[in-house]
Amino acid sequence: MNHFYITTPIYYVNAEPHMGHAYTTIVADVMNRFHRLLGYRTFFLTGTDEHGDKIVQAARGAGMDPKSYADRISRMFRDTWPTLNVRNDRFIRTTDPEHIRVVQAILQHVYDAGDIYFSHYRGLYCVGCERFYTERELVDGKCPDHDREPVEREEANYFFRMSKYQQWLIDTINDQPALIRPERYRNEVLAFLREPLEDLCISRPKERLAWGIPLPFDDQYVTYVWFDALINYVSALGYPDGSLYREFWPAVQHTIAKDILKPHGIYWPTMIKAAGLPLFQHLNVHGYWKIDEGKMSKSKGKVVRPLDLASKYGVDAFRYFLLREMVFGLDANFSEEALVQRLNADLANDLGNLFSRTLAMTDKYFAGKVPPFTATATELDEQLQQQVARAAAEVVAEVPKFGFHKALMAIWECLNAANRYVDHAAPWNLAKHPAHQDRLKTVIRTLLEVNKVTAVLIAPFMPETAEKILARLGCSKPSLELRLADDGQWGTLEEGRAVSKGEALFPRIETKEPKPERQASPPVAQEAEGRSRLLPFDRFKELDLRVGVVKHAERIPKSKKLLLLKVDLGEERQVVAGIGQTHTPEELIGRQVLMVANLEPAKLMGYESQGMILVAEDGERLRLLTPEQPVKAGASVS
RNA sequence: GGCGGUGUAGCUCAGUAGGCUAGAGCAUGCGGCUCAUAUCCGCAGUGUCCGGGGUUCGACUCCCUGCACCGCCA
C-alpha cells in the first residue's frame, strides 16, 4: 500500500493561532484527506514548538512558569484545528518526553560522527536581554528593548558542521527538481547556497537559558532551536524503532510558509544527512496572506479576526476560500468582502443551487426517489459525463502538486456544465408529456450522479459539505472513509433510494443594501419622431445647476478622456469629467464652469464623481460653458 | 548595497516551456428560462499584458535596461 506522510511546522507558542497557521494546517489537511481518498495509508502531523528564551520571557511576563505557559498556548493550537475540520493524526509538543529522548539520540549520533564541535565566538551581548544581538538588530547601536549599548562578549558553544554538506545539498537539489517547490523557492535556496555556508550554532549555556533540551554530551548546555524543533518530524514517528517511523519515513512531505524556508531548505536536509536518514520527498512552500482590514467588517468597533470568519460563515466556506483564492506559493489577499463574494458566487449560486434544483426536481417528478437510467444516453448526457471525468482527472493531477485552485476550477467547470445541462435538457418541459418520461428519468438521474461525484471530489476541501450532500443522496459516509475508486464512480446511486431536499447548503449572504427605488417618473409628453421630450417646469426645477471654480485638475491614470477635478461650489466637490481629450488639466484650473450639482454620485475608473460639468458639443470638440462675468463660487443657475 | 519576486480588463487574479481575434470570477448592460437559494443560461464589451531597447518571420511570453511595489540577506 502507498504511504503518505504530511507535516506542518510545529508552531512557536509565543503567539496565538492566526491566519498563517490556519492556512498551512488546512493545506496539510487537504493533502492528507486527498491521499486517503486515493486509498493511501496516511499520517498527518502538527504540533507546537515550546523551548527557547522568548517563551521564558513571555511566561515571565504572564507571571507563569515556562511549562504552564507553553501548556496554555499549545492547548489553544490543539483546540483550534478541530474547529477548522482539520483531522491530524498526531499533535506533537517539543516538551514531550519521547521527543526529548529522540533529540538527544540524534545529537549524540551526530556528535559521535564528528559533525558537532565546540568553539568560541565573540558577539554583542545585551545583559538586560541575556542574549546576543547581530548588528542589524540594534537600533542606533543599542538594544531595542533596553536602550543601552550591548557589551562585547565571548561565549563558547557547540556548532553543527553544516558547511561540510553544502556541495551535497546543491547536488541533491539539482538532481531532484521538485524537492523544493514551487520552483521560485528552490531557486532561492540555490541562491543562498552560492555563498559559502557557515556552520550552525546549536547550543546555549544553561546558565543563560535553562528552558531547553540538555545536550547528551555536555550537561552545561541545552540545544538551541533547530536540533530541537526540526527533529519533531521524526520523533513523532518514534524514530528510530517505531513502527510508524518504519512505515512512513521517508514518504514525507513538509508544508511551510516562506518565512522558514532557510531552516527547512538548508538546515534540515543537512541535519538529516548528518544523522544518516533518507531525505524527505518534497518541501512545499507557500506565500503570505495579506489581510485587508479595510475590508473586514467591524462590529462594536472591534476588528474582525480572519479566524472568526470561519465560524461566522462556516468552516467549509472558509476552507474553500483559502484554497481557491491563493495560488500555492504566491501571496494572496484576504478580506471578508472577498470571502463573501466567493461564498455567494461559487458556493451558493453554483454548487448549492445546482444541488437544490436537482433535488427539487427529483422530489417533484419522482417523489424524491432516485430514478433509473431508462433512455440511451444522448450526446448531451455523454458530454456532461465526460466533463465529470475530466474534473476528476484534473483533481488527481493537480492536488498532489498543491494546485488546489486549478483542481477547484476544474470541479467548478463541471458544476457550470451541469447547470447548462439543466437548461438544455429542460426537465420541466419533458415533464409535461408522458411520452418523455424515460428521457426525464435519465436526465434527473444524470444530474444526481453529477452531484454525487462532485461531492466526492470536493470532500478533501470541504468535508462537511461532501458529507451533507452524500447523506441527502442516500449514500451517507464519513468523509475520511470515502474512496475515489468506489464512491467516485459514475452510476452507483441506488435506484429507488429516497433523497431528501433539506435546507440550502450555502444560504446567500446579502450584502447590498436594497437599491433605492427609482421614483416612478410621471408620464412625460413625447413628441413624434423621437425628438426631445417636453418637460414640465416642475421637473426642470429639480435640477440644481451651479457655477463652480476648478481648484485642482489631474489626469486619471490609464484613461484618455477622464480628468479628476476638485471644484469649489461653495463646498468642494470631486468630479470626474470626460474632457481629457480636448482640455489639459493646466488650462482648467481657476476656470469657472457650469455644473449639475445634485446628480447622483457615480464611480468612474474607481473615482467617485459628485457632479457633472456641462459642455457644448461642437462636432468632436467640447466647449466649456462659463458665465460672461465671473460670479461667486456656488452661484445658482436658472 | 546584494539576491529574489511581483507589475495582465473598473476590482481580484489566472495564463502563455514565442504563433491565429489575450482569459476567469466579480461588477456593468441587454436578452432567455422558471426546476432552483431573485438562482441558472446566453450575448455584449472595454486591455499600450508597467516603460524603453534587443533577439525573431513573429514577444504579453526570451534577453538587456529603466520605473514602482514587496520580500530575504548583508
Side-chain angles (χ1 to χ4, degrees), chain A residues 134-137 182-195 198 257-263 265-266 285 287-288 290 292 295 321 324-335 337-366 398 403-406 408-410 412-413 415-432 440 443-444 447 451 501-512 514-515 556-562 576 602-609:
Chain A
T134 62
E135 286 197 20
R136 88 183 261 269
E137 286 177 307
E183 199 179 2
R184 63 204 310 125
Y185 297 109
R186 170 180 187 261
N187 292 339
E188 214 162 297
V189 169
L190 286 170
F192 280 134
L193 289 170
R194 278 197 288 272
E195 304 294 320
E198 309 235 320
K258 63 184 180 181
D259 58 333
I260 46 174
L261 175 60
K262 199 170 172 181
I266 295 178
V285 189
Y288 289 148
K290 287 181 286 183
D292 189 345
K295 290 183 178 175
F321 177 81
R324 175 63 185 80
E325 198 76 1
M326 178 176 265
V327 177
F328 190 85
L330 301 179
D331 292 352
N333 301 308
F334 186 93
S335 70
E337 198 178 295
L339 171 63
V340 168
Q341 190 180 298
R342 281 276 176 215
L343 171 57
N344 279 343
D346 297 358
L347 300 180
N349 295 354
D350 293 345
L351 174 71
N353 185 54
L354 175 66
F355 187 58
S356 169
R357 69 201 301 208
T358 302
L359 289 194
M361 288 188 283
T362 310
D363 248 3
K364 189 164 178 176
Y365 304 137
F366 302 112
E398 287 298 334
F404 308 116
H405 76 291
K406 286 189 182 171
L408 289 169
M409 276 164 68
W412 255 257
E413 273 169 30
L415 297 173
N416 293 337
N419 273 321
R420 270 197 300 278
Y421 175 86
V422 176
D423 273 29
H424 290 154
W428 48 91
N429 286 337
L430 298 174
K432 289 174 190 161
L440 180 61
V443 167
I444 298 302
L447 284 167
N451 276 284
K501 181 145 170 20
E503 297 289 294
L505 292 173
F506 297 97
R508 277 184 69 85
I509 311 296
E510 290 310 327
T511 50
K512 283 182 199 158
K515 278 187 182 172
I556 290 182
K558 294 191 200 169
S559 169
K560 283 180 193 162
K561 287 166 71 172
L562 298 185
V576 178
K603 260 198 172 180
L604 297 165
M605 298 284 284
Y607 297 89
E608 182 166 280
S609 183

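The chains referred to below are lettered A, B, ... by the order of the sequence lines, with proteins before strands, and numbering in each begins at 1.
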For [X], which contact category applies under a 4.0 Å heavy-atom criterion: base, sugar-phosphate, or nothing?
X        : value
A:Pro507 : base
A:Ala345 : sugar-phosphate
A:Glu325 : sugar-phosphate
A:Phe506 : base
A:Asp350 : sugar-phosphate
A:Leu261 : nothing

Original post:
Do side-chain atoms of A:Asp331 reach the backbone of A:Gly287 as a donor and acceptor pair under 3.5 angstrom?
Top reply: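 No.
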
**OP:** Quote, to the nearest angstrom, the C1' distance that separates B:rG10 from B:rG66.
**Re:**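 The same atom, C1', in both gives a distance of 28 Å.
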
**OP:** Please name all residues satisfying ring pair (Phe, Tyr, Trp, His ring centres under 6.0 Å) with A:Phe506, sequence neighbours left out, ordered by chain then number.
**Re:** none

Identified pairing partner of [N], criterion: Watson-Crick or G-U wobble below 3.5 Å:
N      : result
B:rA36 : none
B:rU12 : B:rA24
B:rG42 : B:rC30
B:rC3  : B:rG71

[X] vs [N]: side-chain N/O to OP1/OP2 distance below 4.0 Å:
X        : N      : result
A:Arg420 : B:rG42 : yes
A:Asn349 : B:rU37 : no
A:Arg508 : B:rA38 : no

Original post:
Which one, B:rC35, B:rU37, B:rG15, comes nearest to the side chain of A:Lys501?
Top reply: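 Of the candidates, B:rU37 comes closest.
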
**OP:** For A:Lys406 and for A:Leu415, locate the closest nucleotide of RNA chain B by heavy-atom distance; then report the residue assigned to the nucleotide nearer the 5' terminus.
**Re:** A:Lys406

**OP:** Using the closest heavy atom to pick a nucleotide of RNA chain B for each, name whichever of A:His405 or A:Leu351 lands nearer the 5' end.
**Re:** A:His405

